[in-house]
Asks: 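First the structure, then my questions, so here it is.
Note that the structure is a prediction, hence the values are computed from the model and not measured. So you know, we letter chains A, B, ... as the sequences are listed, proteins then strands, and number each from 1.
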Protein chains: 2
Amino acid sequence: MTETKIKILEAAEVEFADNGFNGASIRNITQRAGVNIASINYHFGSKESLFREMFHFRFDPINEVRLSRLREEQELRGGAPVPLELVIRILVVPVFELLLSEADQPPPRFVLAVARCLSEPLELFTRLGREVFQEVYETFFSAIRDAQPQADVKQVRLQLNFAVSSMVGMLTHFSRIEQFAGDPLFHRQKDEILQQFITFITSGISGCVAVNSQHEVR
Amino acid sequence: MTETKIKILEAAEVEFADNGFNGASIRNITQRAGVNIASINYHFGSKESLFREMFHFRFDPINEVRLSRLREEQELRGGAPVPLELVIRILVVPVFELLLSEADQPPPRFVLAVARCLSEPLELFTRLGREVFQEVYETFFSAIRDAQPQADVKQVRLQLNFAVSSMVGMLTHFSRIEQFAGDPLFHRQKDEILQQFITFITSGISGCVAVNSQHEVR
DNA sequence: GCTAGGTTCAAACGATCGTTTCAAACAAAC
DNA sequence: GTTTGTTTGAAACGATCGTTTGAACCTAGC
């Protein structure tokens with residue numbers, strides 16, 4: 001990969017994270033990268049293709065980690081379902097450990113860039129989201145279903161929808177909601193927040209099943 | 001309120017919901033409303049002010065409902081804390097019953113408009129979010145804290161952050177994530193989805209406290 | 001040294017953006 | 001009927017957008 005291409009990708013992360021997709025401008029990106037305006041269309045083809053390439057470049061490895069870690073656990077158990085909390089942990093950690101980086105170094109911006117751009121209602125992002133996350137979605141859907149034999153399929157689908165929405169919402173709105181409280185929450189350890197979030201989603205999901213089972217028993 | 005102003009507000013909801021704030025254009029809004037381009041600046045001053053007015057116009061009544069219902073329950077109990085699930089229900093229902101409207105009528109668009117625009121990283125929306133939601137945030141923060149005497153303040157703040165993120169994420173991404181599954185989830189009754197979501201958040205929050213209490217016991 | 005292919009550059013393209021202008025149309029008051 | 005203040009209209013403003021152009025530049029390979 002050319003040096004110019006790398007510089008553009010790095011600058012694009014920051015620009016997309018700060019301004020969203022529609023708000024980001026080719027001129028700002030190239031200026032930040034210290035390259036010529038035309039180089040984006042030369043190296044990537046268009047603004048959309050630039051985002052697509054940044055998206056894949058950053059999230060494909062993350063998703064591979066998620067899939068391989070889950071498969072490790074599954075093989076380790078030889079057929080027995082992976083516990084729900086562990087499934088959620090494997091889904092959450094690879095992304096959120098990047099957001100909640102240590103205090104001495106700034107968090108990578110591409111997580112925010114992707115989360116914020118995916119919130120924009122462009123048709124492009126519907127396609128891109130599927131392109132990048134479809135396999136992860138289906139694999140973890142099966143794992144969550146396996147972990148809860150008593151839940152029906154539609155319920156699990158709803159649960160995963162809740163979980164993913166929470167995750168994207170957290171990425172997009174954490175810093176902003178944080179400001180409601182006046183002082184930041186990051187005094188807490190990164191690992192503690194991460195664990196609390198995993199617990200939040202896990203408890204939320206298993207709470208749904210518990211309540212629903214009660215309904216069926218009645 | 002003038003007829004023109006109302007027509008603009010209605011058109012703006014659709015345009016903002018479909019394209020976000022940066023993606024929405026004054027020309028599309030006025031064209032959809034059937035009014036002159038200049039009328040937005042005449043009646044509202046600017047695109048930003050138009051959004052601000054739409055935001056307040058729609059969400060101030062919703063927030064008043066949330067606050068008054070919570071106070072009703074509090075007075076009904078005369079000092080005793082309102083149960084967590086009921087607090088969450090009062091927070092969630094006034095907004096989500098609009099999103100999950102019945103099949104025979106399309107859902108109002110301003111909910112999506114606000115959720116999507118608030119996801120855009122413009123400084124404007126940090127201010128606007130506080131302007132509209134600060135009081136609700138603080139009031140429900142107290143109620144959630146009261147409902148869980150064993151939880152400490154910072155933990156409750158984190159929980160509310162999780163809850164609000166989930167809510168905004170749900171509004172923004174529900175329809176898109178739904179498409180991962182192939183067929184829509186809305187076969188289920190509106191009330192059932194709503195109850196499941198309330199249970200998800202409630203269980204998530206109380207799950208955090210339970211785990212944390214265990215930690216402290218050790 | 002020359003050529004060929006890949007890369008960068010300044011400049012411009014057409015389109016669209018939010019906003020402004022100012023005259024025309026309108027309504028209500030006297 | 002005239003006046004006054006409010007609302008609409010067509011047109012244009014300056015700015016910025018993503019993209020394209022075509023010449024200049026650079027670096028291997030011969």
Side-chain angles (χ1 to χ4, degrees), chain A residues 1-55 57 113-114 116-125 127-128, chain B residues 1-55 57 113-114 116-125 127-128:
Chain A
M1 182 132 45
T2 335
E3 191 193 329
T4 305
K5 229 178 151 180
I6 294 176
K7 283 196 289 184
I8 291 177
L9 280 172
E10 287 172 350
E13 287 182 14
V14 180
E15 174 75 5
F16 284 135
D18 286 350
N19 302 101
F21 184 80
N22 268 326
S25 100
I26 292 292
R27 283 170 178 80
N28 282 349
I29 295 175
T30 51
Q31 192 173 340
R32 197 191 297 268
V35 302
N36 189 270
I37 305 182
S39 53
I40 281 187
N41 282 279
Y42 177 76
H43 286 284
F44 297 93
S46 68
K47 188 185 178 185
E48 286 195 7
S49 298
L50 165 62
F51 185 84
R52 170 192 299 268
E53 196 153 328
M54 182 210 76
F55 195 3
F57 178 66
V114 167
R116 281 173 170 159
C117 291
L118 286 189
S119 299
E120 297 185 38
L122 298 177
E123 200 193 311
L124 159 71
F125 296 124
R127 271 185 294 112
L128 263 185
Chain B
M1 182 134 41
T2 332
E3 191 192 329
T4 305
K5 230 180 149 177
I6 294 176
K7 284 196 288 185
I8 292 177
L9 280 172
E10 288 171 349
E13 286 182 16
V14 180
E15 175 74 6
F16 284 135
D18 286 349
N19 302 100
F21 184 81
N22 269 326
S25 99
I26 291 291
R27 283 171 176 82
N28 282 349
I29 295 175
T30 51
Q31 193 172 341
R32 197 191 297 269
V35 302
N36 190 270
I37 305 183
S39 54
I40 281 188
N41 282 278
Y42 177 76
H43 285 284
F44 297 92
S46 68
K47 187 185 178 185
E48 287 194 6
S49 298
L50 165 61
F51 184 85
R52 171 193 298 268
E53 195 153 328
M54 182 211 75
F55 195 4
F57 178 66
V114 167
R116 281 173 172 160
C117 291
L118 286 190
S119 298
E120 298 185 37
L122 297 177
E123 200 194 312
L124 160 71
F125 297 124
R127 271 185 294 114
L128 265 185

Asks: Using a cut-off of 4.0 Å on non-hydrogen atoms, how would the nucleic acid contact of B:Thr2 be classed: base, sugar-phosphate, or nothing?
Replies: nothing
Asks: Quick check against the 3.5 Å criterion: does A:Thr2 have a side-chain atom that pairs as donor or acceptor with the backbone of A:Lys5?
Replies: no
Asks: Please tabulate, one pair per line, all N/O donor-acceptor pairs under 3.5 Å involving side-chain atoms of residues 34-41 of chain B, not counting sequence neighbours.
Replies:
unit_1: B:Asn36; atom_1: OD1; unit_2: B:Ala38; atom_2: N; d: 2.9
unit_1: B:Ser39; atom_1: OG; unit_2: B:Asn36; atom_2: O; d: 2.4

Asks: Determine whether A:Arg116 and A:Asn19 make a side-chain contact, defined as any pair of heavy atoms from C-beta on separated by less than 4.5 Å.
Replies: no
Asks: Below 30° counts as parallel, above 60° as perpendicular, anything between as tilted: where do the rings of A:Phe51 and A:Phe21 land?
Replies: perpendicular
Asks: Mind checking salt bridge (Lys or Arg N to Asp or Glu O under 4.0 Å) for A:Arg32 and listing every partner two or more places apart, or none if nothing turns up?
Replies: A:Glu15
Asks: In this structure, how many angstroms lie between the C1' atom of D:dG18 and the CZ atom of A:Phe51, rounded?
Replies: 17 Å
Asks: Given C:dT7, is OP1 or OP2 found less than 4.0 Å from the side-chain N or O atoms of A:Thr4?
Replies: no
Asks: A:Leu122 CG to D:dG18 P: how many Å, rounded?
Replies: 13 Å
Asks: Measure the distance from CG on A:Asn41 to C1' on C:dC13 and round it to the nearest whole Å.
Replies: 13 Å
Asks: How many Å lie between NZ on B:Lys47 and C1' on C:dT20, as a whole number?
Replies: 17 Å
Asks: Rounded to the Å, how far apart are A:Tyr42 OH and D:dA24 P?
Replies: 18 Å
Asks: Between C1' on D:dT7 and NE2 on B:His43, what's the gap in Å once rounded to a whole number?
Replies: 6 Å
Asks: So which of residues 7-40 of chain A are in contact with DNA chain C, with a heavy-atom cut-off of under 4.0 Å?
Replies: A:Arg27, A:Asn36, A:Ala38
